[in-house]
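A quick write-up on the structure given underneath.
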Amino acid sequence: MSILADPPGVASGYRAGRTLPLRVELVRQLKRRRTLVMGAVMFALPFVLLIAFQIGGEPGQDNGRVNLMDSATASGANFAAVNLFASAGFLLVIPVALFFGDTVAAEASWSSLRYLLAAPVPRARLLWSKLVVALGLSLAALVLLPVVALAVGTAAYGWGPLQLPTGGTLSSGTAAQRLVIIVAYVLVSQLVTAGLAFWLSTRTDAPLGAVGGAVFLTIIGNVLDEVTALGDWRDFLPAHWQYAWLDAVQPQLQWTDMIQGTALSVTYALVLFALAFRGFARKDVVS
């Protein structure tokens, strides 16, 4: 008998690694209404801010303070940075929580999860495909926002250097590099929300519960970070480092806080993803 023959009990030609290809899962998720809605929201936000600045006048002209928002209309690069600043605290949490929290729980709510596993798609393979696609869609949402904002800002305010709130400017090339760093860090900082949503998605058959639970816990973390009485304990909260990317809009790029925030977020995310895989491997799937 050939050593390449299929083992007993396995259908001829069956290969676990070929089940539920990433392209199939990606197409399935791209066709869903929530994906299209989140893409539309990310696309529309720069236009909403542009209209707000057109109606309200120059940002920060009456508040007597100097911050990143004050330089929003200085150039397209500034407008893109301000869009990230305005949305990083909450708005960008929504697509990440949605793409990760809805992915497994939605299959359970449709009673299609057990049919996928009966195909048979190995549980680890199913989770891996959904995890990679959710990460890709989250990255696409986070990239779409600054790209559209850069185009809208350039059309409205012109192409120019990035004006820093502390004084000075960064050339267009350097500003583009800094924006890439900012987007990468924002994505990494959202991995904790992604891990929470993904883990909850494997624990419940209610997509809204997984998405809402991840958003709720993220908000709780933000609230706790405002409690200064916690002192150094706040350093263990991912929310404490979510705006560390502001060090990228300084004359000299500072990495210290972003490295600490990245290490904390990746650690939490890996633990949560591992819990999701471990729990789902032992779960009795009946829906």
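In what follows, residues are counted from 1 in the order of the sequence shown.
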Does [X], at its [atom1] atom, have more than 12 non-hydrogen atoms belonging to other residues, nucleotides or ligands within less than 6.0 Å?
{"X": "Tyr268", "atom1": "OH", "result": "yes"}
{"X": "Trp245", "atom1": "CH2", "result": "yes"}
{"X": "Arg203", "atom1": "CZ", "result": "no"}
{"X": "Leu253", "atom1": "CG", "result": "yes"}

Side chain of [X], backbone of [Y]: donor and acceptor closer than 3.5 Å?
{"X": "Asn78", "Y": "Ser71", "answer": "yes"}
{"X": "Thr154", "Y": "Gly76", "answer": "no"}
{"X": "Ser75", "Y": "Pro161", "answer": "yes"}
{"X": "Thr204", "Y": "Leu200", "answer": "no"}
{"X": "Ser189", "Y": "Val186", "answer": "yes"}
{"X": "Thr103", "Y": "Phe99", "answer": "no"}
{"X": "Arg178", "Y": "Gln250", "answer": "yes"}

When hydrophobic residues are tied together by side-chain contacts of less than 4.5 Å, even through go-betweens, does [X] share a cluster with [Y]?
{"X": "Leu45", "Y": "Met38", "value": "yes"}
{"X": "Val180", "Y": "Leu135", "value": "no"}
{"X": "Leu36", "Y": "Val143", "value": "no"}
{"X": "Leu131", "Y": "Val271", "value": "no"}
{"X": "Leu91", "Y": "Leu191", "value": "yes"}

State, with a plain yes or no, whether a side-chain heavy atom of [X] is found less than 4.5 Å away from one of [Y].
{"X": "Val215", "Y": "Phe90", "value": "yes"}
{"X": "Pro146", "Y": "Val183", "value": "yes"}
{"X": "Met42", "Y": "Val148", "value": "no"}
{"X": "Trp255", "Y": "Ile181", "value": "yes"}
{"X": "Thr218", "Y": "Val192", "value": "no"}
{"X": "Val188", "Y": "Met258", "value": "no"}
{"X": "Ile55", "Y": "Ile51", "value": "yes"}
{"X": "Asp225", "Y": "Gln242", "value": "no"}

Roughly how far, to the nearest 0.5 Å, is the [atom2] atom of [Y] from the [atom1] atom of [X]?
{"X": "Lys130", "Y": "Thr202", "atom1": "NZ", "atom2": "OG1", "answer": "12.5 Å"}
{"X": "Leu145", "Y": "Leu84", "atom1": "CG", "atom2": "CG", "answer": "5.5 Å"}
{"X": "Arg278", "Y": "Leu127", "atom1": "CZ", "atom2": "CG", "answer": "14.0 Å"}
{"X": "Leu49", "Y": "Asn83", "atom1": "CG", "atom2": "CG", "answer": "4.5 Å"}
{"X": "Glu25", "Y": "Leu30", "atom1": "CD", "atom2": "CG", "answer": "10.0 Å"}
{"X": "Leu162", "Y": "Thr174", "atom1": "CG", "atom2": "OG1", "answer": "9.5 Å"}

Taking all atoms of both residues into account, what is the closest heavy-atom pair of [X] and [Y], and its distance?
{"X": "Phe277", "Y": "Ala124", "result": "CE2-O, 3.6 Å"}
{"X": "Leu237", "Y": "Gly221", "result": "CD1-O, 4.1 Å"}
{"X": "Phe79", "Y": "Leu50", "result": "CZ-N, 3.8 Å"}
{"X": "Arg234", "Y": "His240", "result": "O-CB, 3.1 Å"}
{"X": "Leu264", "Y": "Pro238", "result": "CD2-N, 3.8 Å"}
{"X": "Asp102", "Y": "Pro207", "result": "OD1-CB, 3.2 Å"}

Between Tyr243 and Phe85, how do the two ring planes meet: parallel, tilted or perpendicular, split at 30° and 60°?
tilted
Please determine whether side-chain hydrogen bond (donor to acceptor under 3.5 Å, both in side chains) holds for the pair Ser265 and Trp241, giving the CA-CA distance in whole Å, both sets of side-chain angles, and the decisive distance to 0.1 Å.
CA-CA 9 Å; Ser265 294; Trp241 307 99; over 6 Å; no
Full working for side chain to side chain contact (heavy atoms under 4.5 Å, CB included) between Glu226 and Asn222
CA-CA 7 Å; Glu226 297 298 324; Asn222 291 337; over 6 Å; no
